[in-house]
Amino acid sequence: FRIYSMVTLFLHHTIFFIIRTYYFASIIPNGFNGMSVVFLTGTPEHRCLVPDTANLSSAWRNHSIPLVLQDGRRVPHSCRRYRLDTIANLSALGLEPGLDVDLEQLEQENCLDGWEYQQDVYLSTIVTEWNLVCEDDWKPPLTISLFFVGVLFGSFISGQLSDRFGRKKILFVTMGMQTGFSFLQIFSNSFEMFTVLFVLVGMGQISNYVAAFVLGTEILGKSVRIIFATLGVCIFYAFGYMVLPLFAYFIRDWRMLLLALTGPGLLCVLLWWFIPESPRWLISQGRFAEAEVIFRKAAKMNGIAAPATIFDPSELQDLSSEKHQSHRITDLVRTPNIRMITFMSVILWLTISVGYFGLSLDTPNLHGDIYVNCFLSAAVEVPAYVLAWLLMQHMPRRYSMATALFLGGSVLLFVQLVPQDLYYLATVLVMVGKFGVTSAFSMVYVYTAELYPTVVRNMGVGVSSTASRLGSILSPYFVYLGAYDRFLPYILMGSLTILTAILTLFFPETFGVPLPDTIEQMLRVKGIKYRHTPSHTRMLKDGEESPVTLKSTAF
């Protein structure tokens, strides 16, 4: 235990070092690379192309596209036009549209000659590049979902890789993977190539995020670990997210935008010489000499006098011979109590993820300027993370989570009641909904880790996080439903969020409660009767840290 206390003593001050180096150089690019899909897959207003070779009068050319009712006004159809040979014959006969000919009686056809796109918002996106509209409008949501499939796969493998090869190596390998495949996307010559590369980008992005998260967690002491997990990580991600619309506003061609967003990742190579390996991981691998070098360097930086002997030979022998009881994923459903907590956690994480990513991806569909809306969607996350940190410091977990979810869900349901001319109010309600869901998303990591006992904590958080990835995969299709009913995504996300808020009230309360070590010591789900089963295993005192080496999880 003295060895692990020494990790905290020597290294906890390096939080400023880590934030200054890694987070400004990597988490910020994660923010704008992760949400860049909002602009890369943007769909501008479009209509069927009528070629210049068509023998039409100016009147017939102006009336070649049928009108449809949308948001109370008649606009040109995006995917249909009047049959070109028919209106060419009518034009040749000198007949006038609407006067001599009833347009509603004319036969229509698909956009056989392609589309013309407005360029007031985007000069080009992958949608305009490969005509992913009308019959192919399902492809942009698929691209986003497959990106999150890559995130899901990366979540599975990142923890195992960093456990085997080290936090630092996997951090830089996956950072290179994210930057390299993003750069290759610039040269995509088809939708399929772009999408396959995007899956690999998603794998690299989440893997370097997890490796960095675990590295920081293992270096920092408990006094700053919650700040690190909520403010340190999330705010810099939000800052990168806020930078994204600034890039996109000035660079409206998708290839050049992707190049600009990829460039900062190259700077991360310089950090290899500044970021240390996790001493806890080195100790767990028996590489004590390397860990001692890091201890002494950190002690010198922090003005702490390191003892002449850091590792006592007897302690090293005990640590090397230490055997841990193995646990399997089936332990997450072994007893009725842990089975119920696992089931409820999966629903909680999935719903929060659908709400967070659904609202983030829906910003192009809000009234007003897309770049301003995207910036507001990112900026509202900063106070949400600050509030989450304050609530976790002073308030019960389940009431904090439920309040945030109730706030987010209820305002989303009110969006459909806003009069059409008050679209700014609707945008404000959406941002308040994003605020509530983001606060809950920030709190759920720590809350879930506190619910599970030490012996299966990694697996519990990993399974819950997997449900979150499934939610992010589904989220583009919640947004896609807006093409059929503009308020349907908000109704679904708001309803699910409120139901989850009610479910959260049945979770055990962990605020101020010692962390459980065994499954038998877990707090009970509210509202369920249990037979008394006395436990003779010792729980750690509140505030005491377990001496076991921290493992990485699939966040």
Side-chain angles (χ1 to χ4, degrees), residues 15-16 18-39 144 147-148 151 175 178 202 205-206 208-210 212-213 216-217 224-249 260-261 264-265 268 352-364 366 370-393 400-401 404-405 407-408 427-428 430-446 465 468 471-472 475 555:
I15 181 173
F16 302 109
I18 290 177
I19 289 177
R20 186 171 64 249
T21 55
Y22 173 66
Y23 284 104
F24 269 109
S26 181
I27 290 296
I28 289 177
N30 274 349
F32 54 66
N33 281 324
M35 300 310 300
S36 64
V37 69
V38 170
F39 298 99
I144 303 172
F147 169 81
F148 289 118
V151 171
M175 283 164 57
Q178 175 185 340
Q205 184 191 47
I206 190 62
N208 78 65
Y209 180 93
V210 170
F213 187 90
T217 301
V224 292
R225 196 173 293 157
I226 292 181
I227 302 177
F228 168 83
T230 53
L231 300 184
V233 175
C234 299
I235 284 186
F236 287 113
Y237 179 91
F239 185 77
Y241 188 7
M242 286 189 283
V243 171
L244 171 63
L246 182 64
F247 274 85
Y249 180 81
L261 296 178
C268 295
I352 292 177
S353 183
V354 167
Y356 175 82
F357 288 104
L359 293 174
S360 299
L361 297 173
D362 191 56
T363 49
L366 296 174
I370 178 177
Y371 303 101
V372 174
N373 290 337
C374 183
F375 176 81
L376 292 175
S377 180
V380 77
E381 294 191 8
V382 175
Y385 295 136
V386 173
L387 176 65
W389 173 68
L390 292 174
L391 290 175
M392 297 197 72
Q393 292 287 87
S400 299
M401 287 280 297
L405 291 170
L407 173 65
T427 301
V428 169
V430 172
M431 296 305 165
V432 173
K434 176 76 179 295
F435 173 87
V437 173
T438 302
S439 294
F441 211 164
S442 180
M443 290 185 281
V444 73
Y445 280 91
V446 176
S465 182
S468 171
S472 62
S475 61
F555 286 99

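We number each residue from 1, following the sequence as shown.
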To the nearest 0.5 Å, how far apart are [atom1] in [X] and [atom2] in [Y]?
| X | Y | atom1 | atom2 | answer |
| --- | --- | --- | --- | --- |
| L359 | T438 | CG | OG1 | 8.0 Å |
| F357 | F148 | CZ | CZ | 4.5 Å |
| L244 | Y371 | CG | OH | 10.0 Å |
| S472 | I352 | OG | CD1 | 13.0 Å |
| I144 | S475 | CD1 | OG | 7.5 Å |

>> List the residues meeting side chain to side chain donor-acceptor pair (under 3.5 Å) with E381, not counting sequence neighbours, and say none if there are none.
In response: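 For E381, the residues satisfying side chain to side chain donor-acceptor pair (under 3.5 Å) (neighbours in sequence not counted) are Y356, Y385, K434.
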> What pairs with D362 under side chain to side chain donor-acceptor pair (under 3.5 Å), at least two apart in sequence or on another chain?
Replying inline: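 Per chain and number, D362 pairs via side chain to side chain donor-acceptor pair (under 3.5 Å) with N365, R486, Y490.
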Closest approach of [X] to [Y] (non-hydrogen atoms, all atoms of both residues):
| X | Y | value |
| --- | --- | --- |
| S360 | V38 | O-CG2, 3.9 Å |
| L261 | F32 | O-CE1, 3.2 Å |
| V437 | G355 | CG1-C, 3.9 Å |
| M242 | F375 | O-CD1, 3.7 Å |
| V354 | G471 | CG2-O, 3.4 Å |
| A440 | L405 | CB-CD2, 3.6 Å |

>> Any side-chain to backbone donor/acceptor pair from S439 onto A384? Under 3.5 Å, distance only.
In response: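 Yes; judged by distance alone, with no hydrogens or angles, the pair exists.
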> With a 4.5 Å heavy-atom cut-off, do V386 and I235 have their side chains touching?
Replying inline: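 They are in side-chain contact.
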> Heavy atoms, side chains only, cut-off 4.5 Å: are F39 and P245 in contact?
Replying inline: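 F39 vs P245: side chains touch.
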